[in-house]
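To find a chain, count down the sequence lines: A is the first, B the second, and so on, and within it residues start at 1.
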Amino acid sequence: MSLFLEAAEAFEEICQDPNGFGVDIELTSPAGQVATVRGLFNRVGSDLDPETGRLVQGQRSSVALPLRVIDAAGIGTPFGEAETAKLPWRVRVTDVRGRVHSYKVVATMPDDSAGCLVCILEAYEV
Amino acid sequence: MPALLPSLIDTPDVVETVRERIVEILTVEIAAQKAKAIEAGKDPRLWDVHVFMERQNPWELFLEAAQTKTRTIDYTPFVNVSFDQDAPEKSRSSTLSYQTTATFNIDIYAAGVSERVGNGHIPGDEAAALARDRAKRIVRNILMAEPYRTLGDPPTQFDKATGAPKYERVIADRWIRSTTALAIPADARSLVKIAVCRMAFEVAFREGVQIRPGVHLAGLHASLRGPSGEFTYFQADFSTTP
């Protein structure tokens, strides 16, 4: 087994481990197909510099998903949809405080070597 | 060396008053615009803009339970009025006062959240830019409105009996030197998008200085003649009523 394949499997195991950092992430495609995938969820505070000399405190959020698991779900691969006439890829996830968040995928960073897809998220109102 | 200034320095400079006047005008007129929107049967939130002065920490953006539209913050756009610089004009100044033009930064911030509309969506960055432009439109229309050419500073008024000035206008004019959209770093990746622009708002006014008590003159005659006195270059009388 190649090291890349081992890395992909290790990432999937990390996400699947019920005692680990993985969480259930609900993916919805623009066509409305829904799949729940185990992945990593990140949501932290970050400062925005709008060049006025004053910082705005914001938050950023992302999920990391195993690409092979997404492929197996058969709903396609998420991407940032720029076309406003179409629905974006959507993500629903519950944080450690029990709050359910709705996001849209605004950009993705696929790592086809390690089989990982990082989705950059943006707040989304349905 | 004895102190020469005759009185306590306890009144704000004109530049401080001008900054407060800008904030006051925006606050009053925005409230009036919201009332007019309600009268017209329109959503007053589209005319709402919070007005701050010299805030260093203007905003904290985060979102709770977006799918239920339960927000923990207010996304109303806001403006932050701050002093930038003051540029006195020496050639137009005197011992008693100086003409100056001060620049105030009016920073306009707006936020946007992506939202589903039918089978499409409004992206958060576009929503933020549209909200910013709406706030900018309101601010510009208020500050550049004709009644506020001198930011509400009334004309110079004279005492009818003595002819002496009762009040001298200090604010001469105002204008927008530039409005610049400020770029948010591409790697910001914020959950809530923000859009910002800076309006460089210039105000020309007269700033006074501390003076020693003077003596009222009944009048002043001045003339300038040639060496032999046969030619007068100018001659003028300046009369005052003591």
Please list, one pair per line, the donor and acceptor atoms closer than 3.5 Å that link side chains of residues 132-142 of chain B to other protein atoms, with sequence neighbours excluded.
| from | atom 1 | to | atom 2 | distance (Å) |
| --- | --- | --- | --- | --- |
| B:R134 | NE | B:L46 | O | 3.0 |
| B:N141 | ND2 | B:R137 | O | 2.8 |

Below 4.5 Å, heavy atoms only, C-beta onward: do B:R19 and B:E54 meet side chain to side chain? yes
Examine B:F78 together with B:Y109 and report whether their ring centres are nearer than 6.0 Å. yes
Using non-hydrogen atoms and a 4.5 Å limit, figure out which bit of B:R189 sits close to chain A: side chain, backbone, both or neither. both
Pairwise side chain to side chain donor-acceptor pair (under 3.5 Å) hits with a residue in residues 61-88 of chain A, at least two apart: A:E12-A:R68
So, the part of B:N105 with a heavy atom under 4.5 Å from chain A: the answer is neither
In plain terms, say whether A:R97 and A:D95 are close enough for a salt bridge, that is, a side-chain N and a carboxylate O under 4.0 Å apart. no
Closest-packed option against chain B by number of heavy-atom pairs under 4.5 Å, given A:D49, A:V56, A:L121, A:V106: A:V56
What option among B:A195, B:G118, B:P123 has the most heavy-atom pairs under 4.5 Å with chain A? B:P123
Could you tell me which portion of A:L87 (side chain, backbone, both or neither) has an atom closer than 4.5 angstrom to a non-hydrogen atom of chain B? both
